[in-house]
Protein chains: 2
Amino acid sequence: MLVKNNEWFSQPKNHCANCPSARYCLAHGLSDGEVAQFSRKIKHPRPRHKGEKFFMMGDSFNSFAMVHSGCVKSYVTSRGGEHQIIGFYMPGDILGLDGIASGEHRYTAEALETTSICELAFRDYEDLCNCAPSLQWRLLDALSQKMVAEQKMLLMLGKMTSEQRLANFLLDLSSCMAARGMSAQTISLPMSRSDIANYLGLVIETVSRLFSRFQVEGVLTVQRRIIGISDRTRLQAIAYNNCEDYCELDRVA
Amino acid sequence: MLVKNNEWFSQPKNHCANCPSARYCLAHGLSDGEVAQFSRKIKHPRPRHKGEKFFMMGDSFNSFAMVHSGCVKSYVTSRGGEHQIIGFYMPGDILGLDGIASGEHRYTAEALETTSICELAFRDYEDLCNCAPSLQWRLLDALSQKMVAEQKMLLMLGKMTSEQRLANFLLDLSSCMAARGMSAQTISLPMSRSDIANYLGLVIETVSRLFSRFQVEGVLTVQRRIIGISDRTRLQAIAYNNCEDYCELDRVA
DNA sequence: CGCTCTTATTGACCTAAATCAAGACATTGC
DNA sequence: GCAATGTCTTGATTTAGGTCAATAAGAGCG
């Protein structure tokens with residue numbers, strides 16, 4: 001028994017069992033035993049500091065990565081050298097799903113602050129699927145979910161005004177934070193104004209002006225990167241309709 | 001022997017084996033035997049005419065659909081009732097991938113011309129995966145590929161000028177046609193100007209003006225929906241850089 | 001503390017693309 | 001044939017958001 005215990009302790013620890021982000025990452029929904037197996041396959045590369053990259057567009061794709069702590073932005077680069085930010089990744093979010101089809105990463109993943117990730121080699125994923133078939137559906141889920149999120153972005157960039165874009169962005173961020181147990185009312189932005197602008201298809205000046213305007217109108221309180229949502233209903237009205245609901249609210253107010 | 005032959009003939013025909021689009025759809029890469037099994041699970045709902053829908057945003061998701069002939073557009077609808085076209089689907093393309101995560105369709109799929117599809121129930125897909133495990137990777141591939149395409153759209157909508165958007169759109173359409181054995185030089189557009197405009201985040205007048213301009217500049221020949229690419233190099237220069245390559249070409253010319 | 005560097009704000013002005021408005025083709029049905 | 005209708009083109013004008021430029025406000029550091 002003691003020997004067995006020693007053996008156990010000398011094995012790699014079951015990180016994932018105690019990881020607060022396992023609720024969102026690929027391991028979500030696995031049984032305890034499966035999580036232990038999963039955990040054994042996870043590699044932890046050195047954390048990256050702000051501005052450092054985990055992988056770049058064009059790198060060969062060998063493994064998924066799940067954010068453990070910190071925050072990551074992904075962006076594609078056009079032939080002209082311009083960047084377009086595609087998404088922000090919070091703890092539990094899965095990086096690298098785009099690489100499956102072509103075998104190479106199609107975007108660059110860069111840390112916004114000191115960030116550590118959990119790597120799962122694609123080959124190990126395939127093996128794990130045999131032991132834990134539900135993992136297979138979990139990945140499909142994740143891909144499909146990411147796809148829906150990107151389709152919302154297409155709607156934003158294609159049809160929405162700058163006001164609507166920022167309002168939607170903040171509301172999404174707020175629920176993302178809430179889902180991770182943080183305050184939904186006060187958001188500490190991990191990204192710069194310039195990142196937000198790029199993500200929303202705007203320029204930094206426009207974003208800055210919008211923050212100021214929303215503050216004057218009493219919708220937000222803004223202290224650099226600390227954003228307080230003072231009037232969520234109003235923010236939702238701006239986000240969703242730009243006119244109808246908003247006017248109704250105006251009449252009531 | 002004869003009895004057996006009769007039995008064979010009385011079974012549903014192996015559609016997929018002779019389908020020219022099987023080269024692009026979910027069945028791609030399966031062995032002959034697997035294709036036959038796959039084919040047996042396929043349902044063919046009645047074709048839809050122009051403007052009719054296969055499914056709508058919010059409908060419950062039960063099956064994938066692959067375009068057999070014709071062309072489909074997909075769009076999401078905002079709370080304000082505005083549409084944003086997300087993609088166009090040619091023969092072989094897979095519809096409904098967005099529904100996996102939530103169990104409901106997240107966009108509406110509408111025929112652009114008389115269109116027939118091949119349906120594969122999600123349950124049947126799961127069963128097929130047991131007999132043909134490669135199908136599982138094929139679906140991941142398709143999802144990942146679609147994702148990459150959507151990321152390119154984000155770059156277009158976020159960073160590109162109207163000129164660049166239309167040029168990229170036409171080039172993509174051209175290679176899509178070429179991949180399906182049609183002419184890469186002359187494209188017969190299945191969608192209206194208004195659909196193109198919506199897809200590219202522009203208004204119809206802008207698209208119309210661009211077509212006219214490209215025609216005057218000798219890049220395209222335009223006869224309503226028949227578009228000829230007269231100067232592909234120039235079109236690529238417009239699509240990719242808007243300036244540098246373009247100016248180089250100008251100097252050479 | 002003052003110096004530099006990065007990030008953010010604010011104002012004045014400009015432009016790409018939207019909006020508004022009027023026709024011009026095609027296509028369909030009567 | 002000719003209304004009627006949907007699709008597309010073209011011109012005149014407006015505007016949301018971009019560009020350019022100056023300033024401010026932190027953050028890190030010797």
Need one value for [X]: base, sugar-phosphate or nothing, where a base atom within 4.0 Å counts as base even if backbone is also close, heavy atoms only.
X: A/R225; result: sugar-phosphate
X: A/G201; result: sugar-phosphate
X: B/S212; result: sugar-phosphate

* Quick one: are the ring centres of A/H44 and A/H15 less than 6.0 Å apart? ->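 That pair passes the under 6.0 Å test.
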* To do: Identify which nucleotide among C/dA17, D/dT9, D/dG18 has an atom closest to any side-chain atom of B/V222, counting heavy atoms from C-beta outward.
  =>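 Comparing C/dA17, D/dT9, D/dG18 against the side chain of B/V222, the answer is D/dT9.
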* Nucleotide nearest B/S208 when distance is taken to its side chain, options C/dA17, C/dT9, D/dC8 ->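 Of the options given, the side chain of B/S208 lies nearest D/dC8.
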Can you check whether [X] has a side-chain N or O nearer than 4.0 Å to OP1 or OP2 of [N]?
X: B/T161; N: C/dA16; result: no
X: B/T206; N: C/dA17; result: no
X: A/S192; N: C/dT7; result: no

Can you tell me how far [atom2] of [N] sits from [atom1] of [X], to the nearest Å?
X: B/I204; N: C/dC20; atom1: CD1; atom2: P; answer: 15 Å
X: A/E205; N: C/dA8; atom1: CD; atom2: C1'; answer: 10 Å
X: B/L189; N: D/dT7; atom1: CG; atom2: P; answer: 14 Å
X: A/E113; N: D/dA27; atom1: CD; atom2: C1'; answer: 17 Å
X: A/F214; N: C/dT9; atom1: CZ; atom2: P; answer: 13 Å
X: B/I238; N: C/dA16; atom1: CD1; atom2: P; answer: 15 Å
X: A/K159; N: C/dA17; atom1: NZ; atom2: P; answer: 15 Å
X: A/F211; N: C/dT10; atom1: CZ; atom2: C1'; answer: 16 Å

* **Carboxylate-amine/guanidinium proximity below 4.0 Å for B/E52 and B/R46** =>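 The answer is yes: the pair qualifies as a salt bridge.
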* For the residue pair B/F55 and B/H105, does the interplanar ring angle fall in the parallel (under 30°), tilted (30 to 60°) or perpendicular (over 60°) class? ->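 B/F55 and B/H105: parallel rings.
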* To do: State, without any angle test, whether B/R106 and A/S144 hold a side-chain donor-acceptor pair at a distance under 3.5 Å.
  =>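 No, because no side-chain N or O of B/R106 sits under 3.5 Å from a partner of the opposite role on A/S144.
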* Are side-chain N/O atoms of B/Y75 and B/E110 paired as donor and acceptor at under 3.5 Å? ->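 Short answer, yes.
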* **Pairwise 5' ranking along DNA chain D for A/V203 and A/R224, keeping only the more 5' one** =>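 Result: A/V203.
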* To do: Report yes if a donor N or O on one partner sits less than 3.5 Å from an acceptor N or O on the other, where the partners are the side chain of B/R209 and the base of C/dT19; otherwise report no.
  =>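 Such a pair is found, so the answer is yes.
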